[in-house]
Amino acid sequence: MNIEWHVPVRVIFGRGRLAELGQVCAPLGKRALVVTGKGSMRRLGFLDEALESLRASGLDAEAFEGTPPNPTTDFVDEGALVARHGERDLIVGLGGGSALDAAKGIAVCARNEGGVWNYVKSSDKDPRPIQHPPLPLVSVPSTSGTGSETTPYAVITNPETHEKPALISPQLFFRASIIDPELPSRMPERLTAATGIDTFAHAFENFTSTNEHPVAHALDVAAMEAVAQFLARAVEYGDEEARDRMAWASARGGASLALSGGQMVHGMEHPVSGHFDVAHGEGLAALLPACIRHFGKGCPEKAARVARILGEEPAKGAEDDPAEACARGVEALLEKVGLRLTLKDIGVERSAIARLAEDAMRTMGRTVRRAPVETGRDDLVRIYEESFA
Ligand code: NDP
Ligand code: MN
């Protein structure tokens, strides 16, 4: 056995615990920059609550607003300038995965020379090493999905090349993540569904990855069971229990992602939301069924297990391939949460397929190679095509 296990995030979970932000941050810095999205956190009152909590604990706190969905290099670089100029010594990410990832990029670039693009792997270069420790990071997630609260990744889009790789470093773990389900409880239905499918994809991809990890495995099963039981309820009723369970599933999916790193569904989705204005979870929803049909034959027992978690019993006899049962289970889940979508439905153009496949191989090749069957560029082209039907 050869195992590493390193997920050093202090996770603070519970309703109302946003109020503890100041106390949590006080030992970490004196001048906080709160990185957030375009308006939901301000509108819902959570931004003011965060700033007040920080100030009540004696910190100087300022907001940096406007993170776009699928955060861009220029937004992160601008944030790093703001952090330097304001002599900020602590970065708080408050919002969806996009705000949390932008916060991570800003923490790196506030302390290291050059723009954030230098620090990711892109089609034409390897990442530059991060020389100086990033500013300490704390998060308060407002969606239940990306798991960014417990991963060492920040997904950043280059608006010129449309590549969307991840910045990866153990230095990107948040010192603490306050998961207060009051925040994601305010998500509208479609966002609840899309982010919940993101959590499912993390758990499912790690569970079936060739880079499997014993701790991740347990987290994956628990996260998939939570999605099967609570996602449709969170979308339809938004009751407290369903919301709490999904927020916790997101953190578990993220911790598992930190250990296993995902595989080809994410590898194929990043080029989609890099080139088109697509919500990450909706891109995953469009790709999941065809991906499962492609790689499920490489992991029949796991596919059968996931099918059962989703309430789909593989039929007896040789004809019913477990991958097919698993794909049916996922399609039924997508149907229940209103995300039975094709790539066409979410605005992707067929003419882009060759480019998407190339980007997936070049910037996300590592995740593609973790699929349980050997997967090349031609397979990706076929799966993108199938995902238009
Ligand atoms: P976003 O952070 O992009 O937010 C999507 C939208 O939801 C925004 O318009 C935002 O509004 C709004 N919103 C957020 N929270 C609430 C709320 N509580 N109530 C109402 N509206 C809300 O969505 P995701 O969380 O799905 O993050 C997606 C990003 O995360 C992608 O870039 C994806 O690639 C990345 N990701 C990162 C991972 C990691 O390990 N780091 C793993 C998986 C995905 P506003 O802007 O006004 O706040
Ligand atoms: Mn994801």
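Read the numbers this way: they start at 1 and go in the same order the structure lists the ligands and their atoms.
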For D198, the atoms of ligand 1 under 4.0 Å from one of its heavy atoms are 43 (C), 44 (C)
When you compare the side chains of N206 and S256, does any donor N or O come within less than 3.5 Å of an acceptor on the partner? yes
Is N70 in polar range of ligand 1, meaning some N or O pair under 3.5 Å apart? yes
Run the contact test for A279 against ligand 1 with a 4.0 Å cut-off on heavy atoms, strictly below, and give the result. no
Is the shortest N/O to N/O distance between G97 and ligand 1 below 3.5 Å? yes
Could you tell me whether the side chains of S273 and K164 share a donor-acceptor contact shorter than 3.5 Å? yes
Does a donor on one side chain and an acceptor on the other come within less than 3.5 Å for S144 and S250? no
Are any of the N/O atoms in T195 less than 3.5 Å from those in ligand 1? no
Which atoms of ligand 1 are found less than 4.0 Å from any heavy atom of M187? 17 (C), 18 (N), 19 (N)
For atom 41 (N) of ligand 1, closest protein heavy-atom neighbour: D101 OD1, 2.8 Å
Ignoring hydrogens and geometry beyond distance, is a side-chain donor-acceptor pair present between D101 and S98 at under 3.5 Å? no
Which one of G39, S273, P69 has a non-hydrogen atom at the shortest distance from atom 9 (O) of ligand 1? P69
Proximal ligand 1 atoms for P71, defined as those under 4.0 Å from one of its heavy atoms: 32 (O)
I'd like to check whether M41 has a polar contact with ligand 1, where a contact means an N/O of the residue lying under 3.5 Å from an N/O of the ligand. no
So that I can tick it off, tell me whether R88 and D60 are bridged by a salt bridge, with the cut-off set at under 4.0 angstrom between side-chain N and carboxylate O. yes
With heavy atoms only and a cut-off of under 4.0 Å, state how P188 meets ligand 1: side chain, backbone, both or neither. side chain
Pairing donors with acceptors under 3.5 angstrom, does anything connect the side chains of E163 and S123? yes
Got more than 12 heavy atoms from elsewhere within 6.0 Å of CZ, R10? no
Below 4.0 angstrom, N of the basic side chain to O of the carboxylate: do E241 and R245 qualify? yes
At a 4.0 Å threshold, what atoms of ligand 1 neighbour a non-hydrogen atom of G96? 2 (O), 25 (O)
If we number the atoms of ligand 1 from 1 as shown, the ones under 4.0 Å from a heavy atom of L183 are 18 (N)
So which heavy atom in the protein is nearest atom 19 (N) of ligand 1, and how far is it from that ligand atom? R186 O, 3.4 Å
Would you say the side chains of R243 and T192 form a donor-acceptor pair under 3.5 Å? yes
Identity and distance of the protein heavy atom lying nearest atom 42 (C) of ligand 1: T146 O, 3.2 Å
To the nearest 0.1 Å, how far is atom 46 (O) of ligand 1 from its closest protein heavy atom, and which atom is that? K38 N, 2.8 Å
Shortest protein heavy-atom distance from atom 39 (C) of ligand 1, along with the residue and atom involved: T151 OG1, 3.5 Å
Could you check atom 5 (C) of ligand 1 against the protein and tell me its nearest heavy-atom contact, residue, atom and distance included? L191 CD1, 4.0 Å
Looking only at side-chain N and O atoms, does S209 offer a donor or acceptor that is under 3.5 Å from a partner on N211? no
If we count only N and O atoms by modelled type, under 3.5 Å, do the side chains of D359 and H275 hold a donor and an acceptor together? yes
Aromatic centroids of Y237 and F230 separated by under 6.0 Å: no
Is it true that the side chains of H213 and D220 contain a donor and an acceptor less than 3.5 Å apart? no
Contact check: E269 to the Mn ion (ligand 2), N/O/S below 2.8 Å: no
Do T375 and H294 have a side chain donor and acceptor closer than 3.5 Å? yes
Give the contacting part of T36 toward ligand 1: side chain, backbone, both or neither, where contact means a heavy-atom distance below 4.0 Å. neither
Rounded to 10 degrees, the angle OD1 of D198 makes with NE2 of H280 at the Mn ion (ligand 2): 90°
Which residue holds the protein heavy atom closest to atom 33 (C) of ligand 1, what is that atom called, and what is the gap in Å? H280 CG, 3.6 Å
Decide whether Q263 and T208 meet the rule of one side-chain donor and one side-chain acceptor closer than 3.5 Å. yes
Between S98 and ligand 1, does any nitrogen or oxygen pair lie at a separation below 3.5 Å? yes
Using non-hydrogen atoms of the residue, decide whether H202 is closer than 4.0 angstrom to ligand 1. yes
Among protein heavy atoms, which lies nearest atom 11 (O) of ligand 1, and at what distance? S40 OG, 3.6 Å
T143 neighbourhood, listing ligand 1 atoms whose heavy-atom distance to it stays under 4.0 Å: 14 (C), 15 (N), 25 (O)
Among G262, S142, G37, which one puts a heavy atom closest to atom 15 (N) of ligand 1? S142
Would you say the side chains of S169 and K104 form a donor-acceptor pair under 3.5 Å? no
Is the contact between T157 and ligand 1 made by the side chain, the backbone, both, or neither, using heavy atoms and a 4.0 Å cut-off? neither
Quick one about T150 and R252 (side-chain donor to acceptor, distance below 3.5 Å, no hydrogens or angles considered), yes or no? no
Closer than 4.0 Å to some heavy atom of L44 - which atoms of ligand 1 meet that? 19 (N)
Test your reading of the structure: does K164 have an N or O sitting under 3.5 Å from an N or O of ligand 1? yes
